[in-house]
Amino acid sequence: MQNLLDLLNPEQIAAVTLPSQSALILAGAGSGKTRVLTTRIAWLMKTGQIAPDGVLAVTFTNKAAREVVSRVNSLIPFDAHSMWIGTFHGLCHRLLRTHYRDAALPPSFHILDVPAQLSLIKRLLKRHGIHEEHYPPRDILHHINRAKEKGLRAGDEAGSDDYSRGLSEVYALYEAQCQREGAVDFAELLLRSYELLSRNQPLRTHYQTRFRHILVDEFQDTNDLQYRWLRLIAESGAAIFAVGDDDQSIYAFRGANVGNMFAFQQDFRVQHIIRLEQNYRSHGNILSAANELIAHNSNRLGKNLYTDAALGEPVRVMALASDWEEAQYLVEEVRQLARDGIALRDMAILYRANAQSRVIEHAFFGANIPYRVHGGLRFFERVEIRHAMAYLQLMDNPHNDSAFLRVVNFPSRGIGLRSIEQLQACAQQHDVSLYAAIPLLPGRPGKALQAFFSLIEEMRAALHTLPLPRVVEEVIGQSALKAHYQSEKGGADRVENLAQLSGAAALFLAEENIPQDTPALFVARAQAESAPASGVPGEGVSDTYSVEVSPLAAFLTHASLESGEGQAVEGEDALQMMTVHSAKGLEFSVVFITGLEEGLFPHENSAGEEKGLEEERRLMYVAITRARHRLYLSYAQTRSLHGSMRYHIRSRFLGELPASAMQWSKKSNDNAVAYQPSQSASLPVQQAAALPHAEWRIGETVRHPKFGEGVIVRLEGWGSNNPSAHIHFGRQGTKQLDLTVAKLEHAG
DNA sequence: GTTCCACGCGTTTTT
DNA sequence: CGCGTGGAAC
């Protein structure tokens, strides 16, 4: 027990060992927030206050959830499946799968992502003769999502004017269609499970009794519905351990409500507020820049970071003539840093908007410096993957109209608009899915349509015998997707991605501990009828998950809930480029914050009102606190944006930083003297040897002389720094192999 | 039924 | 400037 707390400071220990009451932990940037959260869970278990299945821990991203699982596991080994650790959406999904009947959902319900939502809305508008100019699909989508986040169903949310009545009508149509198709969108996952628990008393009591401790990460990012969901589960006296930082609230634009932190203190009569203010990440000058900036915000819960670290270097501010010169400047600095031995992956270039990355990428591409842009198109968002996934969705449930429409004529097989309109009319008339309507068509279905029907039928027949990765291969082959992209001019990448999809499926099976040769439609019923936990009220409630879910269905869910950022090519040592938003939660030795200009950062759309400006300032605060040792701030006088040239003055945020911590320079046009990149001798050097094993890919199948074939689940270490691979060898389990020693071959 | 060009639009984003 | 959508021509 003692050793659990050994590495913590007094405030952290106080937080970890709080009594079983609701508490608010105000955790500043770099103050060891995740460590406190995970140690709290381990401490609760170690002191016998709770069993693993009594813990509910909620995060916002899958990455954060995995981090919590693995860190708790390293503190105190437990059965990862017994504990409910996940994202709000993931946990709600689990709830709905387990109790789909009570939630009035079909067993095969599927998740609707944003593009699918939009296409559904467009279809409805067309069918009901509503013009998109009057009701833009994006606005409708926004309306529906916001309504659901407020807990409102169609009709409850109608305003008094014609327009909002119209919105409400479309909302009603949308709800009905989703119910018919068995489609559940992201907000619906939350709302549905909220309603399920609030209406079903035995179920509610069951979970309220089960979860005595609820831990919430990034509490400042919760929206109203998530907060109500938490309140409902904690209603009968569970303790909520809320960890958050109001100064890092940067998602108000998508419904996050920092006000929940204030509401939480009152609603739960919070007696313990603990501030974690010691920062373990940044040098002193960087930290005082952050502190002084954020002090310009009113409406804070109040917090001031301090550090034991030295002042370090001053924060460098650079003025440049144009965005192009800014990019050149970045290249020169990065080059120098790399020469001095700083690993590229330990440097990040941050910007406010994605559009800014173009010039910068161009410069680094020209300079031949490897870089990685985060937050671009993720694996499961690529068109070719979306098409393949639509076929897989039809394999699982051919009555999924959205999936059907996506691929019925892709690759083109001669099924045009006319045939589809006929089919839609027929389906509506008989009140069945498009797929089911094919045999019902008046006269006989066209040859092309009939062929498509047979294609789907045949492929579905194979599901009972073929394992998932093989099904994926069959689908992209037989649907002619692969052939289509092979014959397309720039299609090589797409073919490659399609090939990787079966690797992703294999990887998924490995991670879920499903044997690689399990048929895609095999349903594990072994645990389905297990008895409810003993002595728990809410009798007859079984909360065992994995009920009636096949590998295929599970994979589809995985793809919708997790967009696949992790699958990107890691491994190579590359400079990191991303928006400030996506940098949240990360840290780098060297950080460049670029485009510090009025109109860009703070952004012109937000600078108008105080609330918007304060969020921009928090965004800047997040950006600054990403840096460990060196921070660069830069701005340009001219910038080409949307094709035309714009003139900017420097950001007001630069004026809000402490002069004593800064070092200003400028590189003007009339200065012919070659610019001298800064010396970086004072920075801690981390060896940046090239990774000799970039040839290995996560998800790839490999062969090992002793263990046979396996799937790479994880790659670790760079260059000389113990590069290793975690490989899942079916029944022999997962092994961690040293890549410099292991004799591996590419397989499959 | 398919392909191609013109038009419009352009914070931030996870699930 | 560069993308995605949608209408119009092959």
Side-chain angles (χ1 to χ4, degrees), chain A residues 58-65 86-94 111-119 122 126 132-133 136-138 142 145 148-149 184-191 217-218 221-223 225-226 249-256 323 350-359 362 374-378 380-381 383 409-421 446 448 488 557-565 578-585 595 599-608 612 615-616 618-620 622-623 639-646:
Chain A
V58 203
T59 63
F60 274 81
T61 64
N62 292 301
K63 197 174 151 199
T87 63
F88 276 104
H89 294 86
L91 295 171
C92 286
H93 170 259
R94 186 167 171 175
I111 297 170
L112 216 58
D113 60 13
V114 175
Q117 270 181 292
L118 275 173
S119 87
K122 285 181 186 170
K126 199 167 273 175
E132 291 194 8
E133 301 84 73
R138 291 227 141 262
H142 187 248
N145 285 340
K148 288 187 178 182
E149 276 165 19
V184 173
D185 63 41
F186 288 125
E188 184 74 25
L189 285 170
L190 287 157
L191 182 52
D217 193 19
E218 306 278 18
D221 287 338
T222 50
N223 66 32
L225 184 54
Q226 288 161 339
S249 159
I250 56 174
Y251 284 113
F253 72 91
R254 67 173 195 212
D323 50 351
L350 309 184
Y351 34 80
R352 174 66 240 268
N354 282 307
Q356 290 167 251
S357 77
R358 197 180 290 282
V359 214
H362 188 82
H374 291 249
L377 259 199
R378 283 177 298 254
F380 286 110
E381 287 168 5
V383 262
N409 194 35
F410 193 93
S412 29
R413 43 173 75 87
I415 301 171
L417 237 89
R418 211 163 27 92
S419 332
I420 289 171
E421 272 167 15
E488 204 182 58
T557 298
H558 166 79
S560 329
L561 248 33
E562 174 138 29
S563 39
E565 166 92 288
M578 66 196 89
T579 63
V580 180
H581 280 93
S582 34
K584 186 170 160 207
L600 242 196
F601 201 175
H603 198 277
E604 54 204 348
N605 297 356
S606 308
E615 179 143 324
E616 294 286 314
R618 291 193 293 269
L619 201 49
M620 180 68 181
V622 168
R639 187 172 288 276
S640 62
L641 213 57
H642 310 320
S644 58
M645 194 68 95
R646 307 219 330 192

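In what follows, every heavy atom counts, from backbone to side chain, and hydrogens, waters and symmetry copies are set aside.
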Separation between CZ of A/Phe601 and CG of A/Leu619, rounded to the nearest 0.5 Å: 4.0 Å
With rounding to the nearest 0.5 angstrom, report the CG to CZ distance, A/Asn145 to A/Phe186. 10.0 Å
I need the [atom1]-[atom2] distance between [X] and [N], as an integer number of Å.
| X | N | atom1 | atom2 | answer |
| --- | --- | --- | --- | --- |
| A/His374 | B/dT14 | NE2 | C1' | 16 Å |
| A/Asp185 | B/dT14 | CG | P | 18 Å |
| A/Gln226 | B/dT14 | CD | C1' | 10 Å |
| A/Leu190 | B/dT14 | CG | C1' | 12 Å |
| A/Asn62 | B/dT13 | CG | P | 17 Å |
| A/Phe60 | B/dT14 | CZ | P | 13 Å |
| A/His89 | B/dT14 | NE2 | P | 12 Å |

Before accepting this row, confirm whether a basic side-chain N of the pair [X]/[Y] lies closer than 4.0 Å to the acidic partner's carboxylate O.
| X | Y | value |
| --- | --- | --- |
| A/Arg418 | A/Glu421 | no |
| A/Glu132 | A/Arg138 | no |
| A/Asp221 | A/Lys584 | yes |

Any sub-3.5 Å donor-acceptor pair from A/Gln356's side-chain atoms to A/Arg352's backbone N or O? yes
What contact category does A/Val114 fall into here, base, sugar-phosphate, or nothing, at under 4.0 angstrom with non-hydrogen atoms? base
Once you apply a heavy-atom cut-off of 4.0 Å, does A/Ser419 come out as touching a base, just sugar-phosphate, or nothing? sugar-phosphate
Contact pattern, 5' to 3', of nucleotides 2-10 of chain C - B, S or - by protein heavy atom under 4.0 Å: S---S----
Can you give one letter per nucleotide of nucleotides 2-12 of chain B, 5' to 3': B if a protein heavy atom sits under 4.0 Å from the base, S if only from the sugar-phosphate, - if neither? S-------BBB
Answer yes if the side chains of A/Thr557 and A/Ser560 hold a donor-acceptor pair under 3.5 Å, and no otherwise. no
How should the glycosidic conformation of B/dT12 be described, syn or anti, under the criterion that syn lies within 90° of 0? anti
Stepwise side chain to side chain contact (heavy atoms under 4.5 Å, CB included) check, A/Val58 with A/Thr87: CA-CA 5 Å; A/Val58 203; A/Thr87 63; 5.9 Å; no
The residue, A/Arg418 or A/Phe88, whose nearest nucleotide of DNA chain B is more 5′ is A/Arg418
How far apart are the C-alpha atoms of A/Gln226 and A/Phe60, what are their side-chain angles, what is the distance that settles it, and do they pass the side chain to side chain contact (heavy atoms under 4.5 Å, CB included) test? CA-CA 11 Å; A/Gln226 288 161 339; A/Phe60 274 81; 3.7 Å; yes
